[in-house]
Every structure is written in C-alpha cells, then in structure tokens.
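Because the structure is a prediction, the values reported are computed rather than measured. Because only heavy atoms are used, hydrogens play no part in the values below, and waters and symmetry mates are left out as well, while side chains stay in. Throughout, numbering of the chain's residues begins at 1 and tracks the sequence.
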Amino acid sequence: MSEWERVRLDEVIALDVDAVPVMATASYDIVGVLNRGRGLLFRESIASDETSYKTLNRIRPNQIIYSRLKAFEGAITVAPNDLGEVYASQEFPTFTCGERMLPEYFRLLTTTKRLWGQLQALSTGMGGRRERVKPADFLTIEIPCPSTSEQARIVDLVAAVDAQIDALEAEVDAGHILCSIQRSQLVTTPEGLAETPLGEVIEVHHGWAFPASGCRPPLGDGTPRLIRIGDFARNRRSRFDPGRSDEFTGDYPERFLLSAGDLLVVMTCQTPDGAILGWPMRVPPVGGPYLHNQRIGRVEVTASDRIDLRYAYHLFRSDHLNRALCVTAAGTKVLHTSPTKILEVPVFLPPLDEQKQVADALDALDENVQQCETELAHLRSVRSALLTSLLSQGIEIPESYDVLLEGVS
C-alpha cells in the first residue's frame, strides 16, 4: 500500500481571489455555497445599484470556494469545470489547486464529514455569533494527500458510481411523471357522464389528539405506533418506513386503531408543504399496530359496489384532488381541510371492474418506482461507504486499474 503524505492545504492549493469592480449599469450572476458540500447555489442576477459592494469575487471553473460565515456548516465546494461567468461577495474566498491536487479530488473531500468537522473547529462561537473562517486559517487544515494518479483513480471510480446514481434518479423521476400522467386521466370525466361527489361513496374520520406525554421512541415491542404528518412529507415519493414512527404508551379509544390497508389522508399541513394536503397513505401490513392523530383522516368506503378502495387511493394522489382541497382550505401559514370539504369534491367513477383494472396498473407502476427508489437508496449508501474507504485507504485501487482503462478506451 502506498504511503499518503500528510500536507497542509497551503502546500497544495493557493488563495486566488479575482476581485472585480462593480461597474455602473452592469448586472452580475450571483452564487452562494450550499451546506454539506452540496455545490453552488445559483441566485438571481443583481444590478450594480442593487448591491453596496464595491467589488465582487469572480468565480472561475474548478476553483475551491467556501462561505466564511457558514463554513461551520460545511459550506464549501469546487466550482464545476463548465461554470459560466458568475460572482460572489467578498464573504466567499476562492482558491486554485496546485499541481499536487486535482480539483475533482478536492470536490470529493468537500463532501466528507471530516472536512466539515475541521471547518467547524475553526469557527468559534455559537449560532449567528460564530466567527468567520479566515483564508489563512483555512489553509492550515491538514489532509492526507495521495499522488495525483491515485487521486485520478478515486475520482474515476466514484464518478462511475455517480453516473449510475444519476441514471437511477432519472428513471425514478420518469416513473413518477408517468404515474402522475396516468392518475390525471382518472379525473377526466368522459363527455356526457356525470361526476359523483366523494361523499356519496366514502366517509372521512378524524384521528385523535394524542397527548405528547404518552409518546416515546420506538422499541418494537408491539406498542401502537403513531402515524404523523411528517411520515407523509417524508414519503411523498417513497414507501412508508414504519421503523421511524413514535410509539404511544397511554390509553386510547379503540376506534383510532388502524388496520393494515386502511387509507389515510392529510388534513392539515404547513403552507410550504401544501402539496401534501389530501395526500394518501396506505397503512402498511408490518410494524403495527398503528394509530393516527387528529391531523390525519381515515377514509372508509361506504358504497363498496361503487368505488374500489385502491382506486380511491389513486384518486387522492391525483393533482385534481390536491388543487381542489388547497383552493378551499382554511388558513395561511397552516392549511386545514375537513371531511366536509373532501366529501364535496366531485370525481368520475367508472364501473367497479374498470376501477380495479386501473388500480392494478397504477399499483404495478408504483411498485416499479418503489423498487428503483430502494435500489437508489442502497446505491447511495454504497457510494458513501466506498468514498469513506477510498479516502481512508481502507480500499486501494491498484495501478493496474489505469492499464485496464487504457485497454477499454
């Protein structure tokens, strides 16, 4: 195993700030830096008369950039190599990599908790009173430094995994778009046919205001678990994870105990999460028993000869119901709907056999998307573990890797 030299950052990168005077009548594309090494934040352009800065820092491709004020949050990244002309305030110093440091390799370092911790240690104080990390202090950070050939191998291997992650993300997005398109057709009423208010075929029952004193983290001992609004927000695009739900140890009315397959819908949500108003969830068959709080309604079919419960689930996942409920919702910062408002929404109900066929098809699409999401989550975990091992020399890529690449190029 090759020995990695331990170096200070000032041995492999250099402060390189291109301060540009702010010119009258000019406009500037502004960027910031996202926390936890997540890259640049592209802001709206500003005109020269919209800033008090006399100069702005021009950010060049492949430069290291961090936020002096938010460095303790891991607000550091490397600008992409295809970056256009963008600028940042003087709070964002920039650095250029020397011959011993590949920008692509340093970009990987900016995504590690190790570097975030080193930046946090340089930021004294609490909260908004934290001191800024000065460039001179930043350059004192020590890192293990492999040869540039080893850096290139690590970058190449991680890039291959990232390409697979990107492909899976695209597949998941395409799956959700397809599901959304299919569901939009559920609310398209054929010409000449009447719509049915939901109140004719279902009822919606509120949950209970469970006292917080009875809640505890899950122990998995069979104590009923509470399904909350947060479970819907987390799982708008994925399968419900029962392992994260708090347990309720107190007494509760039996009517609030749920059964596997029960259909739940969101009754109350914060304004930024308005998209989940009326959003449905099926009670999972594992991890129970479950209870629901007063912000969640339980849907009960009252006319089983006219509507299939699985079809109702997909109706509630349609944009039509969400828009209808948001329009009639009460509140500003917090949106509230009610069983009455839900039951007033008109929908088209085809024959029951057709509903079941539609539900079968949409369930199959959902299952495919969920399988892709599960694979995506697993691959992200593998990527994280792989990167940690590569950067700590837990895994070493041999020189023969270069020969292999030459053979297939």
[X] versus [Y]: any side-chain heavy-atom pair under 4.5 Å?
X: Val155; Y: Arg107; answer: no
X: Asp29; Y: Phe42; answer: no
X: Val22; Y: Lys54; answer: no
X: Leu119; Y: Ile141; answer: yes
X: Leu56; Y: Ile30; answer: yes
X: Leu157; Y: Arg153; answer: no
X: Leu349; Y: Leu315; answer: yes
X: Phe316; Y: Ile342; answer: yes

Under the 3.5 angstrom rule, does the side chain of [X] hit a backbone N or O of [Y] as a donor-acceptor pair?
X: Glu50; Y: Ala47; answer: yes
X: Asn57; Y: Phe92; answer: yes
X: Gln118; Y: Glu142; answer: yes
X: Thr140; Y: Ala136; answer: no
X: Thr328; Y: Ala324; answer: yes
X: Ser259; Y: Asp262; answer: no
X: Thr302; Y: Val201; answer: yes
X: Ser384; Y: Arg380; answer: no
X: Gln63; Y: Thr94; answer: no
X: Ser184; Y: Ile181; answer: yes

So which atom in [X] and which in [Y] form the shortest heavy-atom distance, rounded to 0.1 Å?
X: Ser48; Y: Thr25; result: OG-N, 3.1 Å
X: Gly37; Y: Thr111; result: O-CG2, 3.6 Å
X: Ile154; Y: Leu391; result: CG2-CD2, 4.5 Å
X: Ala71; Y: Tyr66; result: CB-CD1, 4.1 Å
X: Trp4; Y: Tyr105; result: CZ3-OH, 3.9 Å
X: Leu102; Y: Thr148; result: CD1-O, 3.6 Å

*Kindly determine whether Asp366 and Arg282 satisfy salt bridge (Lys or Arg N to Asp or Glu O under 4.0 Å), including the steps that lead there.*
CA-CA 13 Å; Asp366 272 347; Arg282 292 160 169 157; 5.1 Å; no
From [X] atom [atom1] to [Y] atom [atom2], the distance as rounded to the nearest 0.5 Å:
X: Glu5; Y: Glu11; atom1: CD; atom2: CD; answer: 6.5 Å
X: Leu83; Y: Arg60; atom1: CG; atom2: CZ; answer: 11.0 Å
X: Gln151; Y: Phe106; atom1: CD; atom2: CZ; answer: 10.5 Å
X: Tyr28; Y: Ser89; atom1: OH; atom2: OG; answer: 14.5 Å
X: Glu367; Y: Thr374; atom1: CD; atom2: OG1; answer: 8.0 Å
X: Leu168; Y: Glu375; atom1: CG; atom2: CD; answer: 4.5 Å

[X] [atom1]: over 12 foreign heavy atoms closer than 6.0 Å:
X: Asp251; atom1: CG; result: no
X: Arg310; atom1: CZ; result: yes
X: His336; atom1: NE2; result: yes

*Taking it one step at a time, do Val382 and Val161 satisfy side-chain contact (heavy atoms from CB on, under 4.5 Å)?*
CA-CA 9 Å; Val382 169; Val161 178; 5.7 Å; no
_The test is side-chain contact (heavy atoms from CB on, under 4.5 Å); show your working for Leu198 and Leu321 and say whether it passes._
CA-CA 11 Å; Leu198 280 172; Leu321 257 70; 4.0 Å; yes
*Please confirm whether Phe138 and Phe95 have ring centers closer than 6.0 angstrom.*
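Phe138 vs Phe95: aromatic centres under 6.0 Å.
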*For Asp319 and Arg183, what are the C-alpha separation, side-chain angles and deciding distance, and is it a salt bridge (Lys or Arg N to Asp or Glu O under 4.0 Å)?*
CA-CA 8 Å; Asp319 293 337; Arg183 290 193 182 95; over 6 Å; no
*Starting from the C-alpha separation in whole Å, work towards a yes-or-no answer on side-chain contact (heavy atoms from CB on, under 4.5 Å) for Leu325 and Val266.*
CA-CA 11 Å; Leu325 294 176; Val266 173; over 6 Å; no
*Stepwise side-chain contact (heavy atoms from CB on, under 4.5 Å) test for Asn35 and Trp116*: CA-CA 9 Å; Asn35 63 2; Trp116 305 341; over 6 Å; no
*Modelled atom types, side-chain donor and acceptor of Arg216 and Thr223, under 3.5 Å*: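 On atom types as modelled, these side chains qualify, holding a pair under 3.5 Å.
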